[in-house]
Number of protein chains: 2
Amino acid sequence: MTSEQRRARRVTLLDVAREAEVSRATASLVIRKSPLVADETRRRVEAAMDRLGYVYNMGAAGMRAARSNTVGVIVPNLANPFFAEMLAGIEQALEGAGMVVVLANSREAPANQETILRRMRERGVDGVILCPVAGTRPALLGKAAGWKLPVVQALRHVSESECDYAGVDYAGGMRQAVEHLRALGHRSIAFGTGGPVHSAYRERLAGFCAAMEARGLDPGVTIELPVAPPFPPEAARRLIDHPARPTAAICFSDVMAACLANSFADAGVAVGAGFSIVGFDDLAVAEMARPRLTSVATFPGEVGEAAARLLLSRLESPERGDRRLISLTRLVARDSTAAAPARD
Amino acid sequence: MTSEQRRARRVTLLDVAREAEVSRATASLVIRKSPLVADETRRRVEAAMDRLGYVYNMGAAGMRAARSNTVGVIVPNLANPFFAEMLAGIEQALEGAGMVVVLANSREAPANQETILRRMRERGVDGVILCPVAGTRPALLGKAAGWKLPVVQALRHVSESECDYAGVDYAGGMRQAVEHLRALGHRSIAFGTGGPVHSAYRERLAGFCAAMEARGLDPGVTIELPVAPPFPPEAARRLIDHPARPTAAICFSDVMAACLANSFADAGVAVGAGFSIVGFDDLAVAEMARPRLTSVATFPGEVGEAAARLLLSRLESPERGDRRLISLTRLVARDSTAAAPARD
DNA sequence: CTGAAAGCGCTTACAG
DNA sequence: CTGAAAGCGCTTACAG
């Protein structure tokens, strides 16, 4: 279809105005539901719109009004359910405000992220919700500020200040996990880490160490794990043979926890009674694993919603101070944790 | 920020042209990388753009050119990893073509879907990739055609004809599953269904029945299951006590299969040796479950990519005939299926 | 409450 | 290869 053919068909506001025998400005007021228009006029215009099959052109409107009602969302890994849930939360909140999501997947690469940001500027998004990739240069946020592009960080953040952020009290979550295990009698607790190093990584790790130390426990037993299957079959062995003789492990994510649990099962150790495992995020897999995984819920959908609200409020008041919305976690106890086994 | 403040800062093509001492049309040609511009002129214009911090305004360009380089993607359930993977495939393919995804979640409700479609028209998307909700009226596609809005259906379809479609040979997948079990000696095979009834549902069911009948087996043993956890603990019992004494089950999805497997384990029946279970889609959960799930891979990411390619080709040639891209499935044998137990 | 005019930032013919 | 003019479809002041 050439652009001429397309355009030839297009019904514009002027057509509607003529059909309804009013001016273009009046027709525009009707569309925007202004109270300035007489009821009878409004009805006439609406009837004309129906008759002509008029479709509002937000692009043209936005160009004049310098607004696109569009928000860019940049996630580091679209296929990860954690981010998919955050995205769903964002979409729902923005949809309710009449805004639309322009989506991009940075695939955890800083270069992609920069390209995406430039493209989003060219498309005139009103703001961006950014889940920054590991290794994002802090200067990026300053640049965005210079561009007058409102940015809200979600789930991860690049710098402590200078930007709105909707996140999770990861350290609090780690405290809950450590406390849960301690109350069950565990004293030697390992930490399963892995994946790219970003603020959420650092906060979980620091939170674990702080919580352990606060209870006089050694935070030094860690095990590096891959973030996704397939999983090294010897993972459990490494913990079983560890000189610190850990009786439990807290993992960075539910996927890691589920895989580690499988590794223990394969090694003939009963998860729960024999070795306790705590996951993080409480995704669907925690409920589906056997034994069901005890996990620290982080509610990514709600964080997404909070990020959307932060952005909407920023668009309302561009000059307000930066805000940080940190949601609390909740430990969901299931079957992968149990009292520490008696040791000789 | 008022629109005036915003606009005051904006650097336009005219500014660039003046700075580079050329006309606006020439500057426009440089942006669009036209070969008509002399190298020296091009360099001058590019330097001016850099100096001024010029940002291309795609909205304005699109308005004149009647193109937005934007594609609407409508998924029925964003939080479902199956659709998240499709989305990732779409995003990657469109990104490579310089297009951007406008995302909407219909939440499996026809009313939402209609609203979304209207909004996408207003935003002037160049086309839509639609994963239609169950219960979509077939007239919808005709309406879209009347609007001159290119639509590609993905993973599900509303009507047999009149629209591009990127999908999966679900029937073939069912044939592979049935054949796999039959080769292992199973004769009584149950079918685990559930969830909304759409084309993918019907094609899986019909495919199962056809494959069973082709082998002289009874396709009548079905069990209704929920699509997500929590799962009814008695699910396995219903199959164990079934008069047809099934020795295996094929499920609609991996999640259902994993849950059913757990239900068997809870009932003390070893999945694999005692009862065989086949999942569908081969999502990450299949690899993570214990025993690992035998599953029919449907590659939703590749289907998304195919849908994106269909849409791009449709934008190239609006008058070409409708195309259907049906990708093949692959059975991935793991540990949840084994030889049928000997029966007395 | 309604109308005529200008302008948002670009591209598209049309001349030269 | 470059320039001057018109126009994409809307909203925004400004009059009345």
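Labels below follow one simple rule: chain letters A, B, ... track the order of the sequence lines, proteins then strands, and each chain is numbered from 1.
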Read 5' to 3' with Watson-Crick or G-U pairs under 3.5 Å, [ ] for crossing pairs and | for partners on another strand, DNA chain D gives |||.||||||||.|||
Side chains of [X] and [Y]: do they bring a donor and an acceptor to under 3.5 Å?
{"X": "R123(A)", "Y": "T70(B)", "result": "yes"}
{"X": "Q113(A)", "Y": "T136(A)", "result": "yes"}
{"X": "S28(B)", "Y": "R32(B)", "result": "yes"}

How many whole angstroms separate atom [atom1] of [X] from atom [atom2] of [N]?
{"X": "R67(B)", "N": "dG9(D)", "atom1": "CZ", "atom2": "P", "answer": "17 Å"}
{"X": "R24(A)", "N": "dA13(D)", "atom1": "CZ", "atom2": "P", "answer": "16 Å"}
{"X": "R64(A)", "N": "dA6(C)", "atom1": "CZ", "atom2": "P", "answer": "13 Å"}
{"X": "E122(B)", "N": "dC10(D)", "atom1": "CD", "atom2": "C1'", "answer": "13 Å"}
{"X": "M63(A)", "N": "dT12(D)", "atom1": "CE", "atom2": "C1'", "answer": "14 Å"}
{"X": "M49(A)", "N": "dC10(D)", "atom1": "CE", "atom2": "C1'", "answer": "13 Å"}
{"X": "L14(B)", "N": "dG9(C)", "atom1": "CG", "atom2": "P", "answer": "10 Å"}
{"X": "R10(B)", "N": "dC8(C)", "atom1": "CZ", "atom2": "C1'", "answer": "10 Å"}

Exercise. What's the closest nucleotide to the A65(B) side chain, out of dT11(C), dT12(D), dG9(D)?
Worked result: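 Between dT11(C), dT12(D), dG9(D), the one nearest the side chain of A65(B) would be dT11(C).
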- Between dT2(D), dG3(C), dG7(C), which one does the side chain of A25(A) approach most closely?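 Nearest to the side-chain atoms of A25(A), counting from C-beta on, is dG3(C).
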What residues 50-60 of chain A contributes to the DNA chain D interface at heavy-atom separation below 4.0 Å is Y54(A), V55(A), Y56(A), N57(A), A60(A)
What residues 37-47 of chain B contributes to the DNA chain D interface at heavy-atom separation below 4.0 Å is V37(B), A38(B), T41(B)
Q. Checking all strands, does A61(B) fall into the base, sugar-phosphate, or nothing category for heavy-atom contacts under 4.0 angstrom?
A. sugar-phosphate
One thing to verify: whether [Y] and [X] come together as a salt bridge, which I'm taking to mean a side-chain N less than 4.0 angstrom from a carboxylate O.
{"X": "R314(B)", "Y": "D126(B)", "answer": "no"}
{"X": "R44(A)", "Y": "E40(A)", "answer": "yes"}
{"X": "E46(A)", "Y": "R51(A)", "answer": "no"}

Counting C-beta onward and ignoring hydrogens, is there a side-chain heavy-atom pair between L87(A) and L103(B) closer than 4.5 Å?
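A side-chain contact exists here, since the closest heavy-atom pair is under 4.5 Å.
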Does [N] have its OP1 or OP2 closer than 4.0 Å to a side-chain nitrogen or oxygen of [X]?
{"X": "S28(A)", "N": "dT11(D)", "result": "yes"}
{"X": "T12(A)", "N": "dC8(D)", "result": "no"}
{"X": "R32(B)", "N": "dT12(C)", "result": "yes"}

Nearest 0.5 angstrom please: N80(A) CG to M86(A) CE, how far?
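Going from CG on N80(A) over to CE on M86(A), the span is 10.0 Å.
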Rounding to 0.5 Å, atoms CG (L130(B)) and CG (L140(B)) come to a distance of 7.0 Å
Contacts of R323(B) meeting salt bridge (Lys or Arg N to Asp or Glu O under 4.0 Å) (sequence neighbours excluded), chain-then-number -> none
Holding to side chain to side chain donor-acceptor pair (under 3.5 Å), I want the full list of residues that pass it with E91(A), two or more places apart in sequence or in another chain.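 R107(B).
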Taken in chain and number order and not counting sequence neighbours, the residues that satisfy side chain to side chain donor-acceptor pair (under 3.5 Å) with E108(A) are R156(A)
